[in-house]
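Heads up: the structure comes next, in structure tokens.
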Amino acid sequence: MYASVNSAAATQRWQWQRAALSFLALSAAVPLEVLEERDQQGAYRFTRGRHKYYGIGSLVIFFAIFSGYGMGHMLATMSTISSWGAVIAGLIWAVFQWCLERQMLISIRADAIWWKKLFGLSWRGLLALLSASTMVYPFFVESNRAEIDVKVGEMARTRMIDN
């Protein structure tokens, strides 16, 4: 009885692990079958490469979550949108960011001519800059809230004196 319970738990754990590895591979824009390929002895064919691509996939997921949180936080603190609206907008932005990061990975061609690589790097750089500013701006504003409030107070006082 215990063996069947343990094997069911192991099967369920393997299914979750397989799903997580599939999502990491999908995020890294690499087929899972390639990363999990084994040779005749049962050893992984790409031992070091597996971990590199799983790491890239986890970075894509992390940046998407971080960007979605930044967008939701920015909308919740700097606009009149409701909390649910900010959460939904953050989720949409996170999915958009995840797709954008995957597109950037898919579009990289190692055998391209140098000027095509430069062109690809330039538009990817602009998209990364937009993404980074969206992620970082809300935290920058929040960390400088005291200085911003002081400056706004000074501007309001100056305006009242002038009027």
Side-chain angles (χ1 to χ4, degrees), residues 13 15-32 34-36 46-163:
R13 184 175 51 238
Q15 287 174 343
W16 280 103
Q17 184 180 9
R18 179 91 173 156
L21 291 177
S22 296
F23 188 57
L24 288 174
L26 179 68
S27 297
V30 177
L32 181 65
V34 171
L35 297 179
E36 294 298 315
F46 306 107
T47 305
R48 290 184 56 198
R50 288 178 61 238
H51 300 296
K52 178 177 78 169
Y53 283 107
Y54 288 141
I56 289 171
S58 64
L59 282 174
V60 167
I61 294 167
F62 171 76
F63 285 130
I65 292 170
F66 193 62
S67 179
Y69 174 77
M71 176 60 80
H73 185 271
M74 181 175 67
L75 290 174
T77 57
M78 298 180 173
S79 69
T80 58
I81 195 169
S82 69
S83 297
W84 282 109
V87 167
I88 291 170
L91 287 173
I92 291 170
W93 187 254
V95 170
F96 168 74
Q97 190 67 32
W98 182 79
C99 292
L100 180 67
E101 294 284 336
R102 280 197 73 241
Q103 177 59 35
M104 289 170 143
L105 289 173
I106 290 170
S107 66
I108 295 172
R109 303 271 319 188
D111 58 347
I113 303 171
W114 69 270
W115 63 269
K116 287 185 178 181
K117 287 181 185 177
L118 184 64
F119 177 73
L121 181 64
S122 64
W123 75 264
R124 286 185 205 103
L126 289 173
L127 290 174
L129 185 63
L130 171 69
S131 173
S133 65
T134 304
M135 288 190 290
V136 172
Y137 186 73
F139 302 106
F140 174 76
V141 169
E142 197 62 37
S143 66
N144 295 312
R145 177 65 64 192
E147 291 86 2
I148 292 171
D149 290 343
V150 167
K151 187 68 174 173
V152 168
E154 289 174 359
M155 291 169 61
R157 191 183 71 169
T158 303
R159 193 176 304 134
M160 286 175 54
I161 291 171
D162 290 344
N163 289 337

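It should be emphasised that the depicted structure is a prediction, and the values quoted were computed from it without experimental measurement.
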- request: Check V60 against E101 and note the closest heavy-atom contact, atom names and distance.
  value: CG1-CB, 3.7 Å

message: Using the side-chain hydrogen bond (donor to acceptor under 3.5 Å, both in side chains) criterion, which residues pair with Y54? Sequence neighbours excluded.
response: E36

- prompt: Please, which pairs that meet side-chain hydrogen bond (donor to acceptor under 3.5 Å, both in side chains) have at least one residue in residues 17-31, sequence neighbours excluded?
  reply: S27-W98

task: Look up atom CZ in R50 and atom CG in L24, then write down how far apart they are to the nearest 0.5 Å.
output: 11.0 Å

field: Non-hydrogen atoms of Q97 and F63 that approach each other most closely
entry: CG-O, 4.2 Å

Within-4.5 Å side-chain heavy-atom neighbours: Y53 and V34: no

message: Rounded at 0.5 Å granularity, tell me how far CG in L100 sits from CD in Q103.
response: 8.0 Å

task: Go through the structure and list residues passing side-chain contact (heavy atoms from CB on, under 4.5 Å) with A86, not counting sequence neighbours.
output: L75, A76, I81

query: Hey, what do you get for CG (L91) to CD1 (I65), rounding to the nearest 0.5 Å?
result: 10.0 Å

A28 to I56 - nearest heavy-atom pair and separation: CB-CG2, 4.2 Å

Output a table of donor-acceptor pairs, distance under 3.5 Å, between side-chain atoms of residues 152-163 and any protein atom two or more places apart or on a different chain; print 'none' if there are none.
from: T158; atom 1: OG1; to: E154; atom 2: O; distance (Å): 2.8
from: N163; atom 1: ND2; to: R159; atom 2: O; distance (Å): 3.3

- prompt: Okay, side chain of S122, backbone of F119: is any donor-acceptor separation there less than 3.5 Å?
  reply: yes

With sequence neighbours excluded, residues passing salt bridge (Lys or Arg N to Asp or Glu O under 4.0 Å) with R102: none

